[in-house]
**Q** 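Below is one structure. I have some questions about it.
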Amino acid sequence: MRGAETFRALPPRELRLELEALYADYTGCLDEERFEDWPAFFTEPCLYKIVPRDNFERGLPLATWLCESQGYLLDRVTGIRKTSVYAPRRIRRIVSGIRIIGWNGDALETRASFAAFETLIDELTRVFIVGEHRDRIVAADGVLKFREKVIVFDSLLVPNSLIYPL
Amino acid sequence: MRGAETFRALPPRELRLELEALYADYTGCLDEERFEDWPAFFTEPCLYKIVPRDNFERGLPLATWLCESQGYLLDRVTGIRKTSVYAPRRIRRIVSGIRIIGWNGDALETRASFAAFETLIDELTRVFIVGEHRDRIVAADGVLKFREKVIVFDSLLVPNSLIYPL
Amino acid sequence: MRGAETFRALPPRELRLELEALYADYTGCLDEERFEDWPAFFTEPCLYKIVPRDNFERGLPLATWLCESQGYLLDRVTGIRKTSVYAPRRIRRIVSGIRIIGWNGDALETRASFAAFETLIDELTRVFIVGEHRDRIVAADGVLKFREKVIVFDSLLVPNSLIYPL
Amino acid sequence: MRNSRQWPERGVSRIPFWVYSDPEIYAREQERIFQGASWNYVALEAEIPHPGDYKRTYIGDKSVVVIRAGDGGVTVVENRCAHRGLQFCQLHLGHADEIMCPYHQWTYDLTGALIGVPFRRGVKQQGGMPADFSLAEHGLRRLKVARRNGVVFASFSDAVESFEEYLTPPILELFDRVFDGRGLKVLGYSRQLTPGNWKLMFENIKDPYHASILHVFLVSFGLNRVDQPNRVVIDRLGRHASTMTSRGEQKRTEDNADIRSLIEDLTLAGPAMLDPVREFPQYTVCMTTVWPNLIIQQQSNTLATRQIITKGPGSFELAWTFFGYDDDDEAMTQRRLRQANLMGPSGYVSIDDSEVMALAQQGIAHASEASAVVELDGPGWREEQAHGVTESEIRAFYDYYRTVMDL
Amino acid sequence: MRNSRQWPERGVSRIPFWVYSDPEIYAREQERIFQGASWNYVALEAEIPHPGDYKRTYIGDKSVVVIRAGDGGVTVVENRCAHRGLQFCQLHLGHADEIMCPYHQWTYDLTGALIGVPFRRGVKQQGGMPADFSLAEHGLRRLKVARRNGVVFASFSDAVESFEEYLTPPILELFDRVFDGRGLKVLGYSRQLTPGNWKLMFENIKDPYHASILHVFLVSFGLNRVDQPNRVVIDRLGRHASTMTSRGEQKRTEDNADIRSLIEDLTLAGPAMLDPVREFPQYTVCMTTVWPNLIIQQQSNTLATRQIITKGPGSFELAWTFFGYDDDDEAMTQRRLRQANLMGPSGYVSIDDSEVMALAQQGIAHASEASAVVELDGPGWREEQAHGVTESEIRAFYDYYRTVMDL
Amino acid sequence: MRNSRQWPERGVSRIPFWVYSDPEIYAREQERIFQGASWNYVALEAEIPHPGDYKRTYIGDKSVVVIRAGDGGVTVVENRCAHRGLQFCQLHLGHADEIMCPYHQWTYDLTGALIGVPFRRGVKQQGGMPADFSLAEHGLRRLKVARRNGVVFASFSDAVESFEEYLTPPILELFDRVFDGRGLKVLGYSRQLTPGNWKLMFENIKDPYHASILHVFLVSFGLNRVDQPNRVVIDRLGRHASTMTSRGEQKRTEDNADIRSLIEDLTLAGPAMLDPVREFPQYTVCMTTVWPNLIIQQQSNTLATRQIITKGPGSFELAWTFFGYDDDDEAMTQRRLRQANLMGPSGYVSIDDSEVMALAQQGIAHASEASAVVELDGPGWREEQAHGVTESEIRAFYDYYRTVMDL
Ligand code: FES
Ligand code: FES
Ligand code: FES
Ligand SMILES: [Fe+3]
Ligand SMILES: [Fe+3]
Ligand SMILES: [Fe+3]
């Protein structure tokens with residue numbers, strides 16, 4: 001697909017297919033730990049947030065993870081690759097129920113539910129966190145990108161650390 | 001999409017897209033706890049049942065949850081909102097593998113697998129129950145609705161209470 | 001859809017729909033324990049492997065489960081139905097994020113993430129294993145089939161036995 | 001057990017919270033109560049109609065198998081092979097002509113007697129069992145069995161009295177009220193794992209007080225309310241009990257003024273769900289508890305046995321078997337199935353109970369120093385009472401509990 | 001407790017690993033430390049501004065509820081109904097005019113006093129509570145409360161001294177440095193379940209040594225490094241402490257030569273995230289630990305209370321409450337929120353800490369025979385120190401711990 | 001331990017079920033068996049070919065690291081930092097020139113000796129380690145190591161005899177049958193968590209009786225059957241053993257008449273999977289058990305070490321390392337990989353074993369009052385036997401177990 005117009009013009013069913021491809025590529029990129037490719041899924045500037053549902057529903061501004069630009073995203077990749085000390089882990093992301101909420105200017109508002117699973121060394125896989133993507137998507141350079149992605153997770157409690165993006 | 005004819009006439013691929021939208025809207029409605037909107041996903045009359053796979057496979061009629069009309073659905077919403085006493089919880093629903101089984105008169109038979117996750121206060125998220133939707137879908141007032149939804153879950157055992165619809 | 005040409009010629013969006021139907025039918029067949037129908041999802045010869053991610057990433061050839069032909073697949077069904085001794089169980093498979101990697105000759109390379117859940121008698125459902133399908137799909141006899149399906153799972157550790165196919 | 005375990009001074013009008021969480025108390029309960037001189041509910045005969053039919057269930061921690069023997073009798077054995085201990089049975093319900101353990105195929109008949117040991121005489125004159133090995137000494141562990149009107153009970157103890165004496169006349173009469181000898185028809189199963197100590201389940205059922213207060217649904221529709229006719233019966237030892245009530249109107253009266261949860265204008269949009277017909281004499285609800293693991297539910301037309309299965313000090317499983325009678329017509333079966341919406345993991349009524357039991361366990365798990373206050377209508381208890389504003393069934397239960405547990 | 005429990009000879013420069021895994025040690029900690037003569041952090045007053053506002057939290061294993069009473073005072077009660085023990089409160093934050101237990105609707109006022117018992121006098125002259133039943137004797141268990149500059153502490157013991165004496169002047173001064181009397185604004189919550197013993201969290205914060213070494217992020221950006229001005233303050237009993245440092249440059253010097261993790265050319269692509277303004281006198285970082293469950297975090301402009309909630313010997317919960325001041329302007333709030341990226345489950349800094357604590361527990365869980373070696377700047381400890389190359393805060397902590405625990 | 005722990009009178013032809021579930025028995029096993037005078041399998045040298053290569057594994061509960069030292073030797077150290085106990089190694093396989101703990105970067109050489117402590121001398125004349133702190137006293141805990149033909153064993157005890165004496169000649173000979181000095185090639189790993197006590201795994205392998213009966217697959221294809229040539233070898237103490245058999249035909253004979261599970265017309269649709277070539281002398285199957293944590297598998301052409309890792313009384317991990325020889329050709333490697341379908345979590349053969357072990361644990365977990373009956377070919381045992389209709393390996397195992405455990 002081409003630019004913004006084409007995007008805006010897509011009939012709902014086509015749109016859904018574009019979205020399914022986008023979310024699949026996004027989670028695939030992360031499940032395969034290609035973190036360096038992750039920022040490219042976002043516009044510049046962008047908003048990427050991971051927020052416990054408790055804060056979200058109470059309107060408390062604190063995020064567990066806050067990125068306001070490509071730079072912030074890159075710094076997170078540096079953290080994962082260079083500066084943070086952590087035990088090896090694998091996160092598997094399942095996304096389902098992609099919903100088209102509607103247009104907001106040139107941005108498409110969408111939502112999707114997710115479940116993430118964590119596997120630590122010598123352990124069985126366990127549920128990590130589950131929640132919802134609340135996104136704003138725009139067409140840029142002929143592809144769809146996230147202008148905004150707010151990930152709201154159901155459990156206030158996090159199993160120790162949340163190191164890889166969701 | 002319009003009425004029954006159009007629905008019946010949809011080529012398989014289009015049909016699949018309609019179904020994906022329907023299931024996404026359905027689980028989205030429930031994940032976001034908009035229970036008041038839930039009955040509108042069903043026809044009147046309708047059949048909504050949650051059944052342990054053990055009863056289902058043995059042909060035992062008992063359901064964990066049985067609704068035979070919009071009225072029953074509404075009463076469940078009243079139960080959740082007004083009459084039942086229960087600890088706060090969050091249920092997250094993941095649906096995958098939507099299958100088109102075939103037409104049965106004007107109703108489309110479909111199936112889909114699901115996993116539901118429960119989050120209680122001060123706890124980590126855990127697997128709640130998993131199973132299958134076995135549905136009959138018709139087109140009514142220009143939208144798709146469930147004439148029948150039988151949810152068969154794998155574990156006879158339920159983690160204490162099953163309060164919110166699946 | 002018809003033969004190889006048609007397949008090759010499908011525009012991406014159509015392709016995605018075909019794939020979603022294929023994966024849904026595949027997991028549906030297994031979730032419903034119609035193991036006898038399972039081999040028909042593969043070509044002859046075929047490669048079906050379940051491999052812990054540790055071996056896969058280290059390039060170690062050992063598989064947890066290795067089938068190199070329809071015969072191997074059939075023998076597994078015989079094992080499940082006739083020769084193996086095991087406690088009853090139910091496995092529920094959730095697949096998400098189907099990605100089209102590209103064409104490799106007449107085969108389409110795809111990937112998808114999955115989570116499998118296990119329910120044993122008198123137990124609650126638990127996470128079984130999660131991982132990725134890495135597939136090569138071709139069109140044969142007018143339907144899509146797996147020429148190759150390599151299932152890479154995240155946890156080296158398996159919860160006791162892996163008896164049913166994924 | 002911690003020496004610190006001293007029952008509080010005020011007797012059974014106090015319940016020390018350590019009885020709900022101490023693993024050593026739990027271990028002693030298994031020994032003295034579930035494996036002691038008690039009759040444990042295990043099945044309805046209707047679940048295993050034909051010779052060879054079997055059902056897998058539990059008595060406390062122990063898995064047992066209930067088998068219809070060839071002579072129509074019922075065998076109950078521990079689900080553990082006499083050879084090296086395998087839990088051989090892994091199906092809720094099944095059929096077999098004999099019992100074969102998968103590991104080495106030791107084979108037992110339907111009474112649990114060992115009838116086959118492969119290679120008992122060895123191969124080519126080598127190996128095999130010693131000459132003095134006697135099949136008779138190595139059967140499955142067999143339990144004592146009692147049956148009454150289609151209900152099966154079992155006991156690990158040979159010392160236990162007959163089931164009828166055990167129940168005592170007043171409770172037996174109420175047992176027979178539902179199990180009147182007619183054939184039973186199993187409608188289905190429901191099971192919940194509740195994060196609470198097993199005794200909380202009995203306290204809940206033995207507590208007519210809560211019903212009027214907790215269950216908005218019951219009180220609003222007058223299905224069960226203290227201002228309605230109530231009757232409480234307790235056996236002389238205090239271990240069994242029965243609570244009866246009659247349906248009243250959905251009306252605010254001076255007598256129910258205390259019930260905040262009564263919603264006068266609550267209505268059902270799907271009234272068919274709750275449209276009972278009078279089926280049993282006098283009382284519309286009768287809940288009977290049989291020590292140590294059974295609740296007999298008759299709530300309007302929904303009938304079920306609720307079996308309590310302990311799962312450690314902090315949780316128990318509630319296994320519901322919903323049933324009707326062979327002579328039910330279609331309409332009655334429908335009614336039972338619809339009213340089942342009141343019960344089980346999604347029950348309009350029982351949701352409240354499962355939830356409060358979980359909350360109770362959370363409150364008491366870390367409060368061994370404190371006790372429950374059980375004074376309503378106290379401090380004693382009587383075998384017969386005409387009202388439900390009482391916690392006497394609970395006090396009676398703990399009177400017997402303390403004797404058995406020597407606490 | 002196993003008699004084998006002998007503290008190693010070398011005193012607090014050794015910590016026997018059984019203190020991190022023995023369930024009996026854990027039980028004794030609950031009794032003597034969390035339910036003992038200590039002041040436990042429970043809330044910020046800003047979380048419950050209005051009468052009837054409440055917050056659910058924990059002191060050790062016990063759930064408690066912090067309530068704004070009608071008179072503006074603060075009540076702290078155990079989250080357990082006086083009747084049969086229900087944990088009545090199930091919301092993190094809420095509002096109610098009175099406290100009602102769902103099970104039988106016993107009702108308490110905002111000070112925890114029992115004010116209502118349904119059917120106390122029975123129905124139709126039947127049942128009800130005994131005549132001698134006195135509401136006054138059955139209130140909720142109420143804790144002693146201390147408040148200072150908007151922070152609320154509670155104690156299960158009446159013997160505990162005043163909060164000010166408890167903290168001692170030097171720590172009190174540093175407490176007031178952040179809690180200076182200005183109104184506080186809660187920015188949000190964050191919580192982690194760390195698979196490690198609760199004491200590891202204190203050891204981590206009371207360990208200026210690690211900061212310079214473990215945290216590539218801190219040391220590279222010179223946010224916290226031993227070669228920078230450091231100050232360590234410990235109360236006379238050793239139970240509380242405070243570590244202060246000032247931001248330095250991102251520069252390799254002879255003094256930090258030992259720090260392998262310093263990356264001189266590390267830069268932020270999103271510098272806005274880390275652009276602090278000087279807000280507090282002298283030191284840019286001040287971490288204060290208040291026995292037995294609080295860490296006060298002031299790292300540049302990100303402020304938080306970190307409450308430690310024990311969850312058995314092998315894990316604890318860290319409950320973060322991020323806050324600012326009522327008089328913060330938008331820019332300052334933004335700054336606090338951005339710098340929060342350093343902290344919590346995804347914190348550039350605290351990830352390292354949560355991860356090493358988990359690794360520590362794994363290493364020590366199966367090594368009761370061995371001990372930690374805590375000799376840096378040892379063997380003793382002083383109340384005041386001008387450098388961070390020390391483990392003296394940890395030794396001080398265990399000096400007090402041993403006294404309380406009688407080990 | 002409960003005083004009630006009395007081994008049954010009939011000696012090792014009975015195994016009391018409490019040995020499989022009592023936590024205190026488990027604790028004693030860790031101390032006396034896994035940390036006692038035993039040689040524990042830890043690795044194949046082929047896994048760590050080059051200096052600095054390391055492997056993380058377990059001995060009982062304790063995590064250890066196997067390291068190829070600079071001189072080509074092999075070091076085994078406990079995976080626990082000498083400072084404050086961190087489990088520093090978190091990779092199954094890796095490479096490092098030295099070992100650095102992440103927390104405070106204490107650094108060790110490849111022999112486990114402490115070589116670096118940051119700020120040991122403090123900063124600016126302040127802090128640092130006491131003058132008397134000696135690196136030599138704070139190395140990693142190092143285990144005794146034995147190597148034979150490419151297999152690495154380790155012991156927490158210095159008292160243990162040489163590996164060769166430990167194994168004794170008959171077992172050593174069978175050890176060398178597979179590990180004959182040729183270079184080994186690791187084909188891959190497989191791991192299962194089995195919900196059963198670790199001893200059940202040994203009983204299973206030391207039980208030629210079950211193989212003929214349980215494994216439809218083995219018996220039908222005549223891969224392993226009691227009516228075929230069998231040989232059983234046990235060391236003089238009873239702790240190690242070896243079972244050998246030769247492949248027979250898929251034929252029903254008078255000698256295997258007892259084997260119900262033999263399916264005469266069972267065939268493989270994918271025969272390539274099971275097309276072994278004769279590789280070792282005389283016997284086509286040889287399973288050797290080495291006390292206390294190793295099974296050496298040679299089933300036709302599929303070779304593996306199976307390491308038993310205890311995970312509490314109720315479960316163990318089985319870690320499979322499949323291997324071949326450096327001089328295998330492509331076809332042989334293919335063969336080994338295909339035949340691997342018999343083994344591991346999805347093995348046509350080993351599925352049956354993992355499943356029955358889980359069933360065994362379920363049957364015995366709640367039956368401390370009962371015992372396993374181990375009388376086949378009993379009551380004694382001999383070091384050499386020519387048939388497999390025996391449970392003598394199991395009796396031998398428990399003879400030694402009782403000595404070590406003093407039971
Ligand atoms: S354990 Fe049952 S036959 Fe051996
Ligand atoms: S338990 Fe709270 S009112 Fe009865
Ligand atoms: S714990 Fe390893 S260096 Fe401190
Ligand atoms: Fe109730
Ligand atoms: Fe730190
Ligand atoms: Fe076997």
Side-chain angles (χ1 to χ4, degrees), chain B residues 10-21 23-24 27 52-54 56-58 91-102 109-118 120 124-135 150-162 166, chain C residues 1-2 6-7 10-34 37 41 87-98 112-130 132-133 142-144 159 164 166:
Chain B
L10 281 176
R13 289 177 191 151
E14 307 291 302
L15 203 49
R16 165 161 297 280
L17 284 164
E18 292 292 335
L19 293 174
E20 282 172 359
Y23 281 96
T27 51
R53 196 161 152 186
D54 283 56
F56 185 80
E57 292 179 345
R58 289 210 183 82
I91 303 291
R92 181 69 47 184
R93 298 151 190 84
I94 298 290
V95 168
S96 118
I98 301 169
R99 278 112 61 206
I100 297 171
I101 302 304
E109 281 194 43
T110 63
R111 292 185 197 164
S113 294
F114 76 93
F117 302 87
E118 180 178 65
L120 299 173
L124 297 175
T125 299
R126 64 171 175 181
V127 176
F128 183 53
I129 57 176
V130 306
E132 183 171 70
H133 290 254
R134 304 171 67 95
D135 303 336
V150 177
I151 291 170
V152 180
F153 61 97
D154 287 357
S155 65
L156 177 50
L157 202 57
V158 170
N160 210 23
S161 333
L162 197 169
L166 294 170
Chain C
M1 48 149 289
R2 306 277 167 301
T6 349
F7 182 38
L10 283 175
R13 289 174 191 154
E14 307 291 303
L15 203 48
R16 165 161 297 281
L17 284 164
E18 292 292 336
L19 294 175
E20 281 172 359
L22 173 64
Y23 281 97
D25 294 341
Y26 180 84
T27 51
C29 166
L30 294 178
D31 283 1
E32 292 171 8
E33 290 158 22
R34 293 184 278 103
D37 303 343
F41 282 94
R89 69 206 52 226
R90 286 160 177 172
I91 302 291
R92 182 68 48 184
R93 299 152 189 83
I94 298 290
V95 167
S96 118
I98 300 169
S113 293
F114 77 92
F117 301 87
E118 181 178 64
T119 310
L120 299 172
I121 185 169
D122 295 337
E123 301 283 336
L124 297 175
T125 299
R126 64 170 176 182
V127 176
F128 183 53
I129 58 177
V130 307
E132 182 171 70
H133 290 255
V143 297
L144 297 186
Y164 293 162
L166 294 170

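Just so you know, these numbers use all the heavy atoms, side chains as well, and skip hydrogens, waters and symmetry mates.
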**Q** Tell me, side chain or backbone of C/Thr125 under 4.5 Å from chain B's heavy atoms, or both, or neither?
**A** both

**Q** Test of understanding: with salt bridge (Lys or Arg N to Asp or Glu O under 4.0 Å), list the residues that count as partners of C/Arg126, not counting sequence neighbours.
**A** C/Glu118

**Q** Between B/Ala115, B/Gly97, B/Ser113, which residue shows the highest count of heavy-atom pairs closer than 4.5 Å to chain C?
**A**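 The candidate making the most pairs under 4.5 Å is B/Ser113.
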
**Q** Is a side-chain donor or acceptor of B/Ser155 paired with a backbone partner of C/Leu124 at a separation under 3.5 angstrom?
**A** no

**Q** Can you tell which part of B/Glu57 gets under 4.5 Å to a heavy atom of chain C, answering side chain, backbone, both or neither?
**A**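 Contact with chain C is through the side chain of B/Glu57 alone.
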
**Q** Contact part of B/Phe114 toward chain C, heavy-atom cut-off under 4.5 Å: side chain, backbone, both or neither?
**A**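 For B/Phe114, the contact with chain C is made by the backbone alone.
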
**Q** Using heavy-atom distances under 4.5 Å, tell me whether C/Glu20 contacts chain B through its side chain, its backbone, both, or neither.
**A** both

**Q** So which part of C/Tyr23 gets closer than 4.5 Å to some heavy atom of chain B, the side chain, the backbone, both or neither?
**A** neither

**Q** Donor-acceptor check, side chain of B/Arg16 to backbone of C/Glu18, threshold 3.5 angstrom: yes or no?
**A**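 Pair absent, no side-chain N/O of B/Arg16 close to backbone of C/Glu18.
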
**Q** Under 4.5 Å from any heavy atom of chain C, what part of B/Leu156 do you find: side chain, backbone, both or neither?
**A** neither

**Q** Please check: side-chain N/O of C/Arg93 versus main-chain N/O of C/Ile91, any donor-acceptor pairing under 3.5 Å?
**A**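 Between the backbone of C/Ile91 and the side chain of C/Arg93 there is a qualifying donor-acceptor contact (under 3.5 Å).
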
**Q** Taking C/Thr119, C/Leu120, C/Ile94 one by one, which has the highest count of heavy-atom pairs under 4.5 Å against chain B?
**A** C/Ile94

**Q** So which heavy atom on B/Ile100 is nearest to which on B/Pro12, and how close?
**A** CD1-O, 4.4 Å

**Q** Kindly write out the residues that satisfy salt bridge (Lys or Arg N to Asp or Glu O under 4.0 Å) with B/Arg92, not counting sequence neighbours, or none if the list is empty.
**A**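 Counting only residues at least two positions away or on another chain, B/Arg92 forms a salt bridge (Lys or Arg N to Asp or Glu O under 4.0 Å) with A/Asp154, B/Asp31.
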
